[in-house]
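So the structure is just underneath, and the comments pick up after that.
Order of the sequence lines sets the chain letters (A, B, ...), proteins ahead of strands, with each chain counted from 1.
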Amino acid sequence: MGSRLTIRPPTDYVLARDVCSYGYFLLEPNEWNPEARRFSRVLSVDRSPVLLTIDQPSESPGGALRARCDRTLTRAQQGDVRRAIARMLHLDGAGSAEAVAEFHRVDPRFAESGRGRLFRSPTFFEDLVKTVTSCNVAWPSTINMNRRLCEVIEPGFPRPAQLARRRPGTLRARCRVGYRDVRLVELAKLAGRRDSVLHPSNEAWLTATDVSDDDVLAALLALPGVGPYAAANLMQLLGRYAHLPVDTETHRHARAVLGYEGDAKRLTRLVHDHYESFGAHRFRSYWFELWAFYESKRGPAETWEKRTTGASFTASALR
DNA sequence: GGTAGACCTGGACGC
DNA sequence: GCGTCCAGGTCTACC
């Protein structure tokens, strides 16, 4: 039979728009079904896999979300699933209706579409692995690495303890993560240590409003495999939007959309200057501009098929 | 503080 | 079908 949950999202929440808002919705184990307009993935609940599906029957903003699990869960387990859903769909904090409205006051260009919420993973650790596997590779390689991690280690995405036990050589040979192998195992080991920022009990510190961006950024930069791009991207995944993860996509955007010219160093400086006026919302203004460009080329993200459009929407494929 | 080169994979290209 | 080249962000060594 399985468990069924009803989720009351923020009043402006639209499942199709707000799930299909960041590339990670296309990475395993996530699955968006464009026809059924339904999100699904395997979650790890008490170390056992649970297939979760979420839809929004009314499709109107703020309409109740219907979540179904393929097995019956205890009340405590249902609480875990609710927390995982809230994190993925960004139902509170920077994803609250008030926070999104504040973004629209600063950047009214996205008020009509309602864009402002970014999809993410059920755990910060999964976001971290997805970010590290997106560095120094084209998007199709990121897709492959995440697919293989789910095939080889754990269908609901490897938990830190599982990854920490693996030999780097196994990750390299079977998951094709290349030189990232040692770094991923180190990150997984850190996630098991209570004194590390990666320990789940410390996510509250990473997102606390009384902890400065500078302190969080410094803690992220100290992690193996995390440089300026990855750290800035992790900041946005924590709901801290004042930093820009500048990569080659950013440089393409600077040339093609913003009309800037010059080498990478100059483009980086111009991009930072360009988004300066958006203050604490810089990333959202940048990202939804970039996302609108992809959608202008490939159609609405909610129509993208994971294995076709979803694998070829980035700049390298659009050149 | 700035820069060059190595790291690894997969796709594009030429033969 | 095979070999070569290149793109991509992080890290280390060196100036």
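Taking the nucleotide of DNA chain B with the nearest heavy atom to each of N136(A) and N144(A), the more 5' of the two is matched to N136(A).
At least one cation-pi condition fails for R115(A) and F110(A): the charged atom is not both under 6.0 angstrom from the six-membered ring centre and inside a 45 degree cone around its axis.
A tilted orientation is assigned to the rings of H90(A) and Y241(A), their planes being inclined by 30° to 60°.
Closest contact between the side chain of R148(A) and the listed nucleotides dG9(C), dG10(B), dT9(B) involves dG10(B). Side chain of Y179(A), nearest nucleotide from dT10(C), dG10(B), dC8(B): dC8(B).
Across all non-hydrogen atoms, the minimal contact from D213(A) to R240(A) is OD1-NH1, 2.7 Å. Nearest approach of L258(A) to E289(A), heavy atoms of both residues: CD2-OE1, 3.7 Å.
Not one side-chain nitrogen or oxygen of R183(A) sits closer than 4.0 Å to the OP1 or OP2 atom of dT10(C). A close approach under 4.0 Å does occur between a side-chain nitrogen or oxygen of R176(A) and OP1 or OP2 of dG10(B). The side chain of K265(A) contributes an N or O atom lying less than 4.0 Å from OP1 or OP2 of dT3(B). At the phosphate of dG8(C), OP1 or OP2 sits under 4.0 Å from a side-chain N or O atom of T248(A).
Nucleotide dG8(C) holds its C1' atom 15 Å from the CG atom of N233(A), rounded to whole Å. The interatomic distance linking D247(A) (CG) with dT10(C) (C1') rounds to 13 Å, in whole Å. Straight-line distance from the CG atom of D181(A) to the C1' atom of dC11(C): 14 Å, rounded to whole Å. In this structure, CG of L220(A) is placed 15 Å from C1' of dT10(C), rounded to the nearest angstrom. Rounded to whole Å, atom P of dT9(B) lies 9 Å from atom CZ of R180(A). Rounded to whole Å, the distance from CG on L221(A) to C1' on dC11(C) is 13 Å. Spacing between atom CE of M145(A) and atom P of dG9(C) amounts to 12 Å, rounded to whole angstrom units. Computed from coordinates, the D263(A) CG to dT3(B) C1' distance equals 14 Å when rounded to whole Å.
In this structure, L223(A) reaches the sugar-phosphate backbone alone: every heavy-atom distance under 4.0 Å involves primed, P, OP1 or OP2 atoms, never a base. Nucleic acid contact for V226(A): sugar-phosphate only, since backbone atoms but no base atoms lie under 4.0 Å from a heavy atom of the residue.
Defined by atom type and a distance below 3.5 Å, a donor-acceptor pair is missing between the side-chain atoms of N202(A) and S196(A).
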